[in-house]
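Working notes for the structure below.
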Amino acid sequence: MPLTAGVDEAPATEEAPGAPYGPDAGALRRQDPEIADVLDGEARRQEDSLQLVAAENFTSPAVLAALGSRLANKYAEGYPGRRHHGGCEYADTAERLAVERACALFGADHANVQAHSGSSAVLAAYAALLRPGDTVLAMGLAHGGHLTHGSPVNFSGRWFDFVPYGVDAESGLVDLHQVRALARQHRPRAIVCGSISYPRHLDYAEFRDIADEAGAALIVDAAHPIGLVAGGAAPSPVPYADVVCATTHKVLRGPRGGLLLCGDELAERIDRAVFPFTQGGAQMHTVAAKAVAFREAATPAFRTYAHQVVANARLLAERLAALGFAVTTGGTDTHLITADPAPLGVDGRTARARLAAAGMVVDTCALPYGDGRGIRFGTAAVTTQGMGAAEMEQVAGLFAQALREGAETGAVRAAVRELAGRFPPYGR
Ligand SMILES: *Cc1c(COP(=O)(O)O)cnc(C)c1O
């Protein structure tokens, strides 16, 4: 066999592993067709079904460009102007812009934009304010608390002594009398205010008052509503909390990542809690993408978006309630709805499966007082696509049709595909 056999077909990278990469959009398809197929399949999935997972959204092409940029190659441990690596001049500018924009957007003294995720932001807040073994008051997991609010399978439940508060059995609203009584009784070092599934505004002023009375720090985990706060469609926790933890990828519509906001007096402690205490090098492509998202979130268009997200969720909740769903708290103030489909004769798991079969993607969620599970969903992504009142009416009807026993799934699936097809998230 001649020595040159097969060389013509070999991909360039195998032939010359040290060769410079050309600007080649087709490189992934040629080099790794398996992963190229995955990415194509996922893009199709996102476009021909309805993304109703409450924590998801469609980032802008500008955010995606920053995420796919060469800042992904850069190591930048430390903070702007005091890095452990050379060559950080552009990384520094990206981070300074992200911090400045976050501070301006939320009216905060200080922002840390390096936390890799919402959970990393919460970990850093605990690291800054608590010691292992401290008592912390947080929403119980069955009532809507996050894993980082004391779950036994998470560092939080292992390292701290969590006391859970909950929602009222009748109204489904946070029981502030209980929160105050527990704070008086247990004298926690910190109170965590925030949830993965609570559809109403939280009373940050009241939580501040309770924390002050108990001598506790107030940590607001605003992972879900922070995007609504940015758009002026939900009250801000910033004036009340010692530290606000958040994500940048939910309603805020940025890259997957975390964010911390605090006053000047805690700035140094929060920064040190992120790096070097809980993380190494920042992901500078993500930091740049966060900067892009903060700039977008400061526009009038984003304010309109945030208000439309809430209007859509309110209407969807109202229509579903009229169709028989037991909507928690009777409605929503936010992008998020939780409901028990039991009155329609299905449990949460069955409902999620039937909705998925029809192309409507939702989560299940804990039901504080009911049996089994409910469903949790939101309007952040479909609103980014441009859907409004007429579409929410249609979605409510499709939910009910999909859940009907022995439903004609094919017909519902076709209607969902037609609806999604009219609102391509990245244009045609
Ligand atoms: C989403 C969420 C988080 C965690 O965010 P990740 O980026 O998934 O780690 C933390 N707390 C609350 C309340 C959340 O909703």
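All ligand and atom numbering here is 1-based and tracks the order in the structure.
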Residue and atom name of the nearest protein heavy atom (relative to atom 11 (N) of ligand 1), distance in Å to one decimal: Asp221 OD2, 2.6 Å

SB check Glu95 Arg83 (cutoff 4.0 Å): yes

Shortest protein contact, atom 1 (C) of ligand 1 (heavy atom only): Lys250 NZ, 1.4 Å

Over 12 foreign heavy atoms within 6.0 Å of CZ, Arg272: no

Side chains of Asp271 and His110, donor plus acceptor under 3.5 Å: yes

Min N/O separation Thr148 to ligand 1 under 3.5 Å: no

Protein non-hydrogen atom found under 4.0 Å from atom 8 (O) of ligand 1: no

Mode of Ser195 contact toward ligand 1 - side chain, backbone, both, neither (heavy atoms, under 4.0 Å): backbone

NZ/NE/NH1/NH2 to OD/OE distance under 4.0 Å, Glu296 and Arg253: no

Proximal ligand 1 atoms for His224, defined as those under 4.0 Å from one of its heavy atoms: 15 (O)

Short side-chain donor-acceptor distance under 3.5 Å, Asn112 and Tyr79: yes

NZ or CZ of Arg319 within 45° of Phe325 ring axis and under 6.0 Å: no

Salt bridge present between Asp92 and Lys74 (N-O < 4.0 angstrom): no

Atom indices of ligand 1 within 4.0 angstrom of Ser117 heavy atoms, with elements: 7 (O), 9 (O)

Heavy atom of the protein closest to atom 6 (P) of ligand 1 (residue, atom name, distance): Gly118 N, 3.5 Å

Side chain, backbone, both or neither: the part of Ser119 lying under 4.0 Å from ligand 1 by heavy atom: both

Interfacing atoms of ligand 1 (cut-off 4.0 Å, heavy-atom, His249): 7 (O)

Cationic N near anionic O, under 4.0 Å, Arg180 to Asp175: no

Nearest protein heavy atom with distance in Å, relative to atom 3 (C) of ligand 1: His146 NE2, 3.4 Å

Contact with ligand 1 for Thr247, non-hydrogen, under 4.0 angstrom: yes

